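Hydrogens, waters and symmetry mates play no part in the numbers below; they use all other heavy atoms, side chains included. Only a predicted model underlies this, so the values are computations on that prediction, with no experimental measurement involved. To find a chain, count down the sequence lines: A is the first, B the second, and so on, and within it residues start at 1.
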2 protein chains.
Amino acid sequence: MANSLRKQEILEAAARLFRDRGYPATSMRHLAEEVQLKASSLYNHIGSKEEILKTICFDNARRFADGMTDVQANQELGAAGKIKALIRLHIQIATHDLTSVTAFNDEWRHLSEPHLSEFKKMRKNYENAFKDILTQGIEEGIFRSQNPTILLYSILSSFRWLYDWFKPERSIDSKQLEEEMTNLIMNGLLSNNPSE
Amino acid sequence: MANSLRKQEILEAAARLFRDRGYPATSMRHLAEEVQLKASSLYNHIGSKEEILKTICFDNARRFADGMTDVQANQELGAAGKIKALIRLHIQIATHDLTSVTAFNDEWRHLSEPHLSEFKKMRKNYENAFKDILTQGIEEGIFRSQNPTILLYSILSSFRWLYDWFKPERSIDSKQLEEEMTNLIMNGLLSNNPSE
DNA sequence: GTCTATATAAGGATAGAC
DNA sequence: GTCTATCCTTATATAGAC
């Protein structure tokens, strides 16, 4: 059996390459170079190129699914509180394992069947749960009455720059990030006090 | 010289494939099949695979640059009006030529030098102009005081689902889309009248 | 302007020596 | 567990017949 530490190193290098160049444009030879091996040696640690992609995609899908389950289970939270918790979830996941999340975000479409369908199902479940919270907030009159689908995708998309752009060394504090994104999503761009 | 109508057909098919599978995963053979030609025949109409990508990327970059120039030139608009005009610009471009914009949005990174650098420069210019408007609004007290970079990227990202998701047959009216996205970005999620 | 045939390079993955 | 050598497939692009 293969060295598990070495395997982790390969997975991380792959996530970085998948993020920077995309899955199809990343070759096994290039990946091998990154971890100072020959391409053939990689296969002592991983089964195939796609197996790496599967690991990255489903690990991250599970993180989001688990986060959503926690939010749903929290009886004390209203719709607004749940949305705030989900904003925190997205930022936490983004700052925790940036390269994996970035790769996961865009490269899942290169999964082959049946994994592709399974992944899409998990993604749809997450979106539906998110949309349910938005709809609930609209029905309760807490959220501005809007098309929940437009809301859902606009909000989910607004996180995407985090994955593309955020680097630890950019020195934006994750607490500040959370506060400002919550502010923007909940309260919008306009000031409440245009006179001051 | 090649038939220009045929060339347009090839460019559109390529844009669609680049959006669906990405640039590296799209082969000339597959593209040829889409327009019912053999791969070698494509080269009577286009110079290379990357030339197609260049066309898509720079055509769209120019659309955004021109739109920004118009907004900047409009003296009557304040910061809020300019942001609204830019929201309209993004939606108009997205609904006008969806596939091209999608390809442009993600696949520019596969450009080779010196085109890659040129493209990045145009993109940076656009972002800086957008950020200037946000900063202006904050200084005037019209916009909530926030980190302009976080604002900028959150807003720009929030448009991205349009390119991934929007299809004409989804029957969301583009006027409604504009209104609701403006609402969300300017006024946020929370209702002004939680009691009604 | 489209075809067949082909040049040339690079891809994922395996076999077998060490 | 890593290597060299290699298999097989696919990629972009060109040459030249029609």
Problem - B/Tyr163: partners by ring-ring contact (aromatic ring centres under 6.0 Å, His included), with sequence neighbours left out - result: none
Handout entry: Rounded distance in Å - CZ (A/Arg6) to P (D/dG1)
Key = 11 Å
Fill in the blank from the handout: From OH of B/Tyr43 across to C1' of C/dT6 the rounded distance in Å is 14 Å
Handout entry: Members of residues 20-36 of chain B that approach DNA chain D, where some heavy atom sits under 4.0 Å away
Key = B/Thr26, B/Ser27, B/Met28, B/Arg29
Handout entry: Nearest to side-chain heavy atoms of A/Ser41, which nucleotide of C/dC3, D/dG1, D/dC3
Key = D/dC3
Would you list the atom pairs, donor with acceptor, under 3.5 Å between side chains in residues 76-86 of chain B and any protein atom, with sequence neighbours excluded?
none

Practice task
Rounded off to whole Å, could you give me the CG-to-P distance for the A/Leu42 and C/dT14 pair?
Solution key: 12 Å
Exercise for the section: Rounded to the nearest angstrom, tell me the gap between atom CD1 in A/Ile46 and atom C1' in C/dA13. Expected result: 10 Å
Handout entry: Sugar-phosphate only, base, or nothing, as touched by B/Ser40 at under 4.0 Å among non-hydrogen atoms
Key = base
Completion exercise
Separation between CZ (A/Arg123) and CG (A/Leu156), nearest 0.5 Å, reads 9.0 Å
Handout entry: Within residues 49-56 of chain A, residues whose heavy atoms come under 4.0 Å of DNA chain C
Key = A/Lys49
Practice task
Counting heavy atoms from C-beta on, name the nucleotide in C/dC3, C/dT14, D/dG1 closest to the side chain of B/Lys38.
Solution key: C/dC3
Handout entry: ring-ring contact (aromatic ring centres under 6.0 Å, His included) involving B/Trp108 - partner list, sequence neighbours excluded
Key = B/Phe119
Practice task
Return the set of residues passing side-chain hydrogen bond (donor to acceptor under 3.5 Å, both in side chains) with B/Lys131 (not counting sequence neighbours), or none when no residue passes.
Solution key: B/Thr149
Exercise for the section: Enter the distance from B/Leu98:CG to B/Asp164:CG here, rounded to the nearest 0.5 Å. Expected result: 9.0 Å
With a 3.5 Å cut-off and sequence neighbours excluded, list the donor-acceptor pairs that the side chains of residues 56-67 of chain B form with protein atoms.
unit_1, atom_1, unit_2, atom_2, d
B/Asn60, ND2, B/Ile56, O, 2.8
B/Arg63, NH2, B/Asp97, OD2, 3.2

Practice task
Mind checking ring-ring contact (aromatic ring centres under 6.0 Å, His included) for B/Phe130 and listing every partner two or more places apart, or none if nothing turns up?
Solution key: none
Exercise for the section: Mind calculating the distance between CG (A/Leu17) and P (C/dG12) to the nearest angstrom? Expected result: 11 Å
Atom pairs and distances, donor-acceptor, side-chain atoms in residues 11-19 of chain A, under 3.5 Å, two or more places apart:
unit_1, atom_1, unit_2, atom_2, d
A/Arg16, NH2, A/Glu34, OE1, 3.1

